[in-house]
Visitor: 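Questions regarding the structure given below will be posed in turn.
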Amino acid sequence: METVSITLNEERNVSLTAYLQPVGGEFWGIEKRPAMIVLPGGGYMYCSAREADPIAFVYLQAGYQVFILRYSLNEDCKWSNPLDDYEQAYKLISDNSEEWHVDMDKVAVIGFSAGGHLAAATATMSKYRPQACILGYPVIVKETADVYIPSAPDIIAAIDEKTSPCFIFSSRTDGTVPPENTIQLLDALYRNNVPFEAHIYGFANHGFSTCEPCLQNTDWICSRTRNWVKDSLEWLGDTIGVLRVGDPDWMKNSD
């Protein structure tokens, strides 16, 4: 695997870390891989390390080329800087898709908390909408978003029939980003006939990442919460297809 680190905006300290896996050879029949763009949380104040590499490894194991975007923060996060960062990263990936063996028809985004707000923005208002969007305990409701980024757009108002298919997971007991954010999002997706799958777990503290004990105190997390990892991978398989060695038609979805 090759790791490439790229500065997208030196002034705003925006960077993209690419984890690139080989194709061909042992991976016979695989000429391109799907891509996952990871948007860590952190309240638009920092990018959480617990929601960066540990998340990347999940999708690397599933065969994705994975890109971690560390977007504009603090005084630099005035809208639309974070969305501009995503679009710059997407275009860079597209421009290098042949060299990096990326299938640009199979690009997914995953975001957590404030990164979930940005991920939801990519799914609703970006000129480069992903083919699938995974949202972990996302900031969605305008009143919640305004706490972190007063210039934030209204995600609910932006949802339409062109919104990317979404997989959402959160916790009923999240005191930082209340489940109201997920519930209102689901209602808007349903009303606009956007495909989605959702899991609101019985209890978990905010920022549970993959629920590994090395990342979060699991005493406060419902044992089923960790299921989002496996479920998201299976949902991606249903949505954009499963990558299989020796199967050149992997990208064809089953209807």
Side-chain angles (χ1 to χ4, degrees), residues 8 14 16 18 32-41 44 55 59 62 64-72 77 79-97 100 102-136 138-142 145 149 151-169 181-182 184-198 232-233 235-241 243 251-253 255:
L8 298 181
V14 176
L16 187 70
K32 293 184 179 181
R33 295 179 179 273
M36 177 64 75
I37 301 174
V38 180
L39 307 174
Y44 283 112
I55 303 303
Y59 299 99
Y64 285 66
Q65 308 291 37
V66 180
F67 304 85
I68 301 173
L69 175 62
R70 292 175 173 86
Y71 47 87
S72 297
C77 76
W79 205 261
S80 60
N81 282 352
L83 186 59
D84 294 341
D85 298 336
Y86 161 79
E87 292 184 344
Q88 183 181 359
Y90 186 102
K91 188 172 187 309
L92 179 68
I93 295 168
S94 179
D95 289 345
N96 290 276
S97 60
W100 292 349
V102 173
D103 186 343
M104 294 305 297
D105 291 327
K106 307 292 175 184
V107 177
V109 171
I110 182 169
F112 297 82
S113 192
H117 175 268
L118 177 55
T122 74
T124 56
M125 59 191 68
S126 173
K127 60 183 177 181
Y128 303 127
R129 297 190 188 191
Q131 282 71 50
C133 186
I134 300 174
L135 306 172
V139 173
I140 297 294
V141 177
K142 188 69 167 68
I149 176 170
S151 57
D154 188 337
I155 297 295
I156 298 296
I159 292 173
D160 59 20
E161 69 281 356
K162 296 180 181 178
T163 297
S164 306
C166 292
F167 179 97
I168 309 104
F169 60 95
N181 286 265
T182 295
Q184 289 197 26
L185 173 61
L186 298 183
D187 178 64
L189 293 172
Y190 178 77
R191 285 187 285 104
N192 285 277
N193 199 31
V194 178
F196 70 84
E197 179 173 325
S232 76
L233 289 168
W235 177 81
L236 283 168
D238 293 339
T239 304
I240 64 174
L243 180 64
M251 69 289 292
K252 293 181 180 178
N253 293 328
D255 296 325

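No hydrogens, no waters, no symmetry mates; every other heavy atom, side chains included, goes into these values.
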Visitor: Rounded to the nearest 0.5 Å, what separation is found between the CZ atom of R70 and the CG atom of L39?
Guide: 11.0 Å

Visitor: Is there a side-chain contact between L83 and T122 in this structure, where contact means two heavy atoms from C-beta onward sitting under 4.5 Å apart?
Guide: yes

Visitor: Any donor-acceptor pair under 3.5 Å linking the side chain of D85 with the backbone of S72?
Guide: yes

Visitor: Looking at V194, is its backbone amide N or carbonyl O close enough to the side chain of N192 to form a donor-acceptor pair, meaning the two atoms are under 3.5 Å apart?
Guide: no

Visitor: Specify the closest pair of heavy atoms between P82 and Y44, including all atoms of both residues, with the distance to one decimal.
Guide: CG-CE2, 3.9 Å

Visitor: Sequence neighbours excluded, which residues qualify as side-chain contact (heavy atoms from CB on, under 4.5 Å) partners of D187?
Guide: R191

Visitor: Please work out which of the three classes, parallel, tilted or perpendicular, describes the rings of F167 and W235, given edges at 30° and 60°.
Guide: tilted

Visitor: What pair of heavy atoms forms the shortest contact from I240 to P34, and how long is it?
Guide: CD1-CB, 4.4 Å

Visitor: Working to the nearest 0.5 Å, report the span between CD of E197 and SG of C166.
Guide: 11.5 Å

Visitor: To the nearest 0.5 angstrom, please state how far the CD1 atom of I68 sits from the CD1 atom of I55.
Guide: 9.0 Å

Visitor: Are V66 and I37 packed together at the side-chain level, in the sense that at least one heavy-atom pair is separated by less than 4.5 angstrom?
Guide: no

Visitor: For atom NZ of K162, decide whether the heavy atoms of other residues, nucleotides or ligands shown that lie under 6.0 angstrom number more than 12.
Guide: no

Visitor: Taking the six-membered ring for Trp, are the ring centroids of W100 and F67 within less than 6.0 Å of each other?
Guide: yes

Visitor: Among V107, L243, L236, find the one that has a side-chain contact (heavy atoms from CB on, under 4.5 Å) with Y64.
Guide: L236

Visitor: Please tell me if the side chains of I140 and Q184 come closer than 4.5 Å, counting only heavy atoms from C-beta onward.
Guide: no

Visitor: Please assess I168 against L189 for the test side chain to side chain contact (heavy atoms under 4.5 Å, CB included), listing each intermediate value before the final yes or no.
Guide: CA-CA 11 Å; I168 309 104; L189 293 172; 3.9 Å; yes

Visitor: Without hydrogens or angle criteria, can the side chains of Q131 and T239 be said to hold a donor-acceptor pair below 3.5 Å?
Guide: no

Visitor: Applying salt bridge (Lys or Arg N to Asp or Glu O under 4.0 Å), which residue pairs with at least one partner in residues 113-135 are found, sequence neighbours left out?
Guide: R129-D160

Visitor: Just by distance, do the side chain of N96 and the backbone of L92 share a donor-acceptor pair under 3.5 Å?
Guide: yes

Visitor: Do L135 and L185 make a side-chain contact, defined as non-hydrogen atoms from C-beta onward lying under 4.5 Å apart?
Guide: yes

Visitor: Using a 4.5 Å cut-off on heavy atoms from C-beta on, say whether the side chain of V102 contacts that of Q65.
Guide: yes

Visitor: Verify the neighbour count for atom CG of D95: are there more than 12 heavy atoms of other residues, nucleotides or ligands below 6.0 Å?
Guide: yes

Visitor: Just wondering, do I134 and M36 contact through their side chains at under 4.5 Å, heavy atoms?
Guide: yes

Visitor: To check you understand the geometry: which heavy-atom pair defines the closest contact between A120 and C133, and what is its length?
Guide: N-SG, 4.4 Å

Visitor: Could you pull out the closest heavy-atom pair between P138 and N181, with the gap in Å?
Guide: O-CB, 3.5 Å

Visitor: Can any side-chain N or O of K142 pair as donor or acceptor with the backbone N or O of A152 at less than 3.5 Å?
Guide: yes

Visitor: Hey, would you say the Y128 and Y86 ring centroids sit under 6.0 Å apart?
Guide: no

Visitor: Is the shortest side-chain heavy-atom distance between N81 and C77 below 4.5 Å?
Guide: no

Visitor: Check whether any side-chain heavy atom of S113 sits under 4.5 Å from a side-chain heavy atom of V139, and report yes or no.
Guide: yes

Visitor: How far does CD of Q88 sit from OH of Y71, to the nearest 0.5 angstrom?
Guide: 16.0 Å

Visitor: When you measure from the side chain of S94 to the backbone N and O of Y90, does any donor-acceptor pair fall under 3.5 Å?
Guide: no

Visitor: Between the main-chain N or O of M104 and the side-chain N or O of S97, is there a donor-acceptor pair closer than 3.5 Å?
Guide: no

